[in-house]
There are 2 protein chains.
Amino acid sequence: MDDAGRGALDDILGLRIRLAHGTVQRHFAEHCAHLGLTQKQVSVLWLVHDAPGTTQTDVARTLQMDRATTMAIVHALEKRGLLVRARAGSDARRIGFRLTQGGERMLEEARVAIGEHEAWLKERFTARELTTLSRLLERIYQ
Amino acid sequence: MDDAGRGALDDILGLRIRLAHGTVQRHFAEHCAHLGLTQKQVSVLWLVHDAPGTTQTDVARTLQMDRATTMAIVHALEKRGLLVRARAGSDARRIGFRLTQGGERMLEEARVAIGEHEAWLKERFTARELTTLSRLLERIYQ
DNA sequence: TATTGTTATACTCTATAACTATA
DNA sequence: TATAGTTATAGAGTATAACAATA
């Protein structure tokens, strides 16, 4: 009995995405180890910097995470003094985030490391290929 | 102080890959929950089916995992009686894998569920786009 | 010495469920 | 009732380090 016409593991797009993700994650972990931050933590710092006052629910939606998962990440950042929480607006349930001075400094440093990390990732593509890849990936998570 | 010329979070390819990966993983978890298998476990079953006698190191290399990580996954499959281990060839260090009858049956069932899952994933692309996406992703992990 | 398998350990991410406070 | 945040808990994936057996 053979597997003719049954499809190979190579045709599984999910596997390709998973392998690519793993490769990127490993390179990040190595290259950005000196920051002591994970990809997710940097994403949150970046997001809050771009839009101070962003709430937990906003962050969860943008990064497509559970609220509880978001909590854990924010907690770690708060514990390190990179981010503070404060009531946002008239709705007493909503708590907005702001970066501390230390958080801003850390983000600047992270941006340098991530710039290098992204350069390593992108160097294998032309500008046109990068645009194509970004647009195709977008269709998956949007 | 503004961020003109500094690059936006949207330009981070690593983030797009991460979001796409998360979306695919969540859909797999929902759609394939009845199997009681994770993506990794199915990959290992599939791999061993395609090449009986495959060793732990082979699996680790193909799926780009640590040997210890591979162990944990294989252990779970062995515990459920889907896979057995046996000495492979003359090298007494190498242990090859084979699927049991139950493992073969489980793989058949998994293939159906994964076919549907992949159809959901791929329906948003044309055949040509799929080829492009696969080739671009390949350049990252190969 | 190098490779293969193994175990122990630890950390991140992820999600669920149950809870409190506010709208 | 619905939403925002919180906490506890658990499982999966990942990696490191140290070890035994074999090449």
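Everything numeric in this text was worked out from a predicted model, so none of it was measured. Naming convention: chains lettered A, B, ... in sequence-line order (proteins, then strands); numbering from 1 in each chain.
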Contacts of A:Glu116 meeting salt bridge (charged side-chain N to carboxylate O under 4.0 Å, His left out) (sequence neighbours excluded), chain-then-number -> none
Considering residues at least two apart in sequence or located in another chain, which fulfil the salt bridge (charged side-chain N to carboxylate O under 4.0 Å, His left out) criterion with A:Glu138? B:Arg16
For A:Arg80, check side-chain contact (heavy atoms from CB on, under 4.5 Å) against everything at least two apart and list the hits. A:Leu37, A:Leu82, A:Met106
Which residues pass the salt bridge (charged side-chain N to carboxylate O under 4.0 Å, His left out) test with A:Arg85, sequence neighbours left out? A:Glu78
Looking at every strand, decide which applies to A:His75 at a 4.0 Å heavy-atom threshold: base, sugar-phosphate, or nothing. sugar-phosphate
Would you please confirm or rule out a distance under 4.0 Å between OP1 or OP2 of D:dT3 and any side-chain N or O of A:Thr57? no
First and last nt of DNA chain C near chain A, cut-off under 4.0 Å to heavy atoms, 5' to 3', are C:dT12 to C:dA23
Under 30°, 30 to 60°, or over 60°: which ring-plane class applies to B:His27 and B:Trp120, parallel, tilted or perpendicular? parallel
Connected hydrophobic set around A:Met71, excluding itself, where side chains approach under 4.5 Å: none
Taking transitive links into account, so neighbours of neighbours count too, which hydrophobic residues share a cluster with B:Ile95 at under 4.5 Å side-chain distance? none
Is DNA chain D part of any stem, that is, at least 3 consecutive Watson-Crick or G-U pairs with both distances under 3.5 Å, and where? C:1-23 with D:1-23
With B:Asp11 via side chain to side chain donor-acceptor pair (under 3.5 Å) - residues at least two apart: none
note: A:Met71, atom CE; D:dA8, atom P; distance rounded to Å ~ 10 Å
Given protein heavy atoms under 4.0 Å, the one-letter contact record of nucleotides 14-23 of chain D, with B base, S sugar-phosphate only and - none, is simply BBB----BBS
What residues form a ring pair (Phe, Tyr, Trp, His ring centres under 6.0 Å) with B:Phe97, not counting sequence neighbours? none
Got a sec, which residues hit side-chain contact (heavy atoms from CB on, under 4.5 Å) with A:Thr69, two or more places apart in sequence or on another chain? A:Met65, A:Asp66, A:Ile73
Output the rounded distance in Å from CG (A:Asp58) to P (D:dT3). 15 Å
